[in-house]
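Being a predicted model, the structure only gives us computed values, none of them experimental. Lettering follows sequence order; numbering is per chain, from 1.
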There are 2 protein chains.
Amino acid sequence: MGQGLPVTSYALLGLLTFGDALTGYELKQRADATLRFYWVSPAMSQVYSELARLAEHGLVTPSGEGRGTTYTISDAGREALTTWMRESAPGFPVLKHPVALRLLLGHVVDRETTVAMLRDHVLALEKEEAALVEVRDGLRGHDGPGEIFRHPSLVADWGLDYFENERRIVGDLIRRLEDEGP
Amino acid sequence: MGQGLPVTSYALLGLLTFGDALTGYELKQRADATLRFYWVSPAMSQVYSELARLAEHGLVTPSGEGRGTTYTISDAGREALTTWMRESAPGFPVLKHPVALRLLLGHVVDRETTVAMLRDHVLALEKEEAALVEVRDGLRGHDGPGEIFRHPSLVADWGLDYFENERRIVGDLIRRLEDEGP
DNA sequence: TGTAGCATGTAAGCCGTTACATGATTGA
DNA sequence: TCAATCATGTAACGGCTTACATGCTACA
């Protein structure tokens, strides 16, 4: 690991590479808008403690004191981020999927309970997908090759495809469960 | 939360509903074989401490002392699990996807680095998929409607579909990146 | 004037991992 | 007999969340 920092630190640091200075509050909003789909939504308190740590390491530069302090990535920060991206392996995704977990244990409840859960999941997927569509739309105009939001837009497309596919699979699973005898 | 226990406790408890008595060691293996695809692979040490906690709550029944102790789910355990499944909401999946995260930040490294990472991810997906295929094959013969491995097989199919789809998407992303000018 | 959003933290605590420690059993 | 696997834990620690605490600013 580049510096022994947790991945979330680099993730937050990375959100500062899009050209602007952010307060902790704004950084949290950006994380909620984008990062939460592929990583996590860190708690407010964690955003502040991470920013403090990044500043200690000289990877971000605070501007102003007390209320309204904004942070920009420093040259050292940019270098640390690049090194981390190049020299360390990403590792395989970890999925914490409570719906799949409960489906796995479907034999301990009745079928209706399982089917209802899957239906709810489809609704939740549709909501999340709508939120991601909005994010993706917000990138339009700066998402061409070489433009600043190129990669975020690729990831958004990836996420949308994932949601779409999951909706389809879960729909199939519901049908398979319902086609079984009583 | 049914009892205030973490989800992983219920997950491990759930792995004991398939009709057999397991040692901590065997439970860990079962978790590695199935749970790790949709939830987590708890560390050995955690398996033992979770089993101790479940036993304290009377949700599992240990048989034998010291080395070779096996655990079975108790009636109370079965009831706690069912209640948890019925009364609590699953919540939305959380994905920790380091590859997507790094793709999001693709503008801080050169394209070759990103493409190489995506190619490696495809290879990793193929390996994981192969492992899941073996798991799924092991369920054959007991995976019909009403049979004990019915739900595990549904989840395995879900996982296989997910892997297949992700391979396809990532392949598309690689092509999109390569089609861009230098 | 009061409430929603902006803004920033501290403290406690749980979940889970890594590192460490120990010993029995099985098979090459 | 030596290594791999089976088997079971303890201790330390890090990451992250929840709960709590504080106060400003904009606007209805």
Side-chain angles (χ1 to χ4, degrees), chain A residues 1-13 15-16 20-33 35-36 38-57 60 62-71 84 91-92 94-98 101, chain B residues 1-13 15 20-33 35-36 38-57 60 62-71 84 91-92 94-96 98 101:
Chain A
M1 305 211 188
Q3 211 85 149
L5 290 175
V7 178
T8 302
S9 298
Y10 290 104
L12 291 174
L13 187 58
L15 291 184
L16 292 174
D20 39 9
L22 300 180
T23 65
Y25 194 87
E26 290 165 335
L27 183 56
K28 161 70 171 160
Q29 290 183 319
R30 182 167 294 183
D32 282 347
L35 212 59
R36 85 145 196 275
Y38 332 104
W39 193 247
V40 278
S41 243
M44 229 17 279
S45 61
Q46 200 192 354
V47 172
Y48 287 114
S49 53
E50 288 297 350
L51 279 174
R53 170 159 53 174
L54 290 170
E56 263 177 48
H57 289 239
V60 297
S63 291
E65 287 292 308
R67 191 181 168 75
T69 307
T70 58
Y71 296 83
W84 174 72
F92 200 74
V94 173
L95 182 57
K96 287 198 149 198
H97 204 309
L101 171 61
Chain B
M1 307 203 192
Q3 211 85 156
L5 290 175
V7 178
T8 302
S9 299
Y10 289 105
L12 291 174
L13 187 59
L15 291 184
D20 39 9
L22 300 180
T23 65
Y25 193 87
E26 290 165 336
L27 183 56
K28 162 69 171 161
Q29 289 184 318
R30 183 167 292 183
D32 281 347
L35 213 58
R36 84 144 198 274
Y38 333 105
W39 193 249
V40 278
S41 243
M44 231 12 283
S45 62
Q46 199 191 356
V47 172
Y48 287 114
S49 53
E50 288 296 350
L51 278 174
R53 171 158 55 172
L54 289 170
E56 263 176 48
H57 288 241
V60 297
S63 291
E65 287 293 309
R67 191 181 167 74
T69 307
T70 57
Y71 296 82
W84 174 73
F92 201 75
V94 173
L95 183 58
K96 288 198 147 198
L101 171 62

Exercise. How long is the line joining OH of Tyr71(A) and P of dA7(C), in whole Å?
Worked result: 13 Å
Exercise. Counting any heavy atom closer than 4.0 Å, what does Ser49(B) reach on the DNA or RNA strands: base, sugar-phosphate only, or nothing?
Worked result: nothing
Exercise. Which whole-number value in Å describes the distance from Lys28(B) NZ to dC6(D) P?
Worked result: 13 Å
Seminar exercise, completed: The contact string for nucleotides 13-19 of chain C, one letter per nucleotide 5' to 3', using protein heavy atoms under 4.0 Å with B, S and - for base, sugar-phosphate only and none, comes out as --SSBB-
Exercise. Is any side-chain heavy atom of Thr70(B) less than 4.5 Å from a side-chain heavy atom of Leu22(B)?
Worked result: no
For this session: Evaluate the side-chain proximity of Leu54(A) to Leu5(A): yes if any heavy-atom separation is below 4.5 Å, no if none is.
Result: yes
For this session: Check side-chain contact (heavy atoms from CB on, under 4.5 Å) between Arg67(B) and all other residues, then give those that pass, not counting sequence neighbours.
Result: none
Exercise. Which is it for Arg53(A) and Glu50(A) under the salt bridge (charged side-chain N to carboxylate O under 4.0 Å, His left out) test, yes or no, and what are the steps along the way?
Worked result: CA-CA 5 Å; Arg53(A) 170 159 53 174; Glu50(A) 288 297 350; 3.1 Å; yes
For this session: Compare the minimum distances between each of dT8(D), dC6(D), dT8(C) and the side chain of Tyr48(B), then state the nucleotide with the smallest one.
Result: dT8(D)
Problem set entry | Trp84(B) side chain near Leu13(B) side chain, heavy-atom distance below 4.5 Å | no
For this session: Check the distance between dA7(D)'s P and Arg67(B)'s CZ and give it to me in whole angstrom.
Result: 6 Å
Seminar exercise, completed: With Asp32(A) as partner, the option from Arg30(A), Lys28(A), Arg36(A) fulfilling side-chain hydrogen bond (donor to acceptor under 3.5 Å, both in side chains) is Lys28(A)
Exercise. Just checking Gln29(A): base, sugar-phosphate only, or nothing, at a heavy-atom cut-off of under 4.0 Å?
Worked result: sugar-phosphate
Problem set entry | Options dT5(D), dG9(D), dG5(C), nucleotide nearest the side-chain atoms of Tyr25(B) | dT5(D)
For this session: Round to the nearest Å and state the distance from Leu22(A) atom CG to dA7(C) atom P.
Result: 11 Å
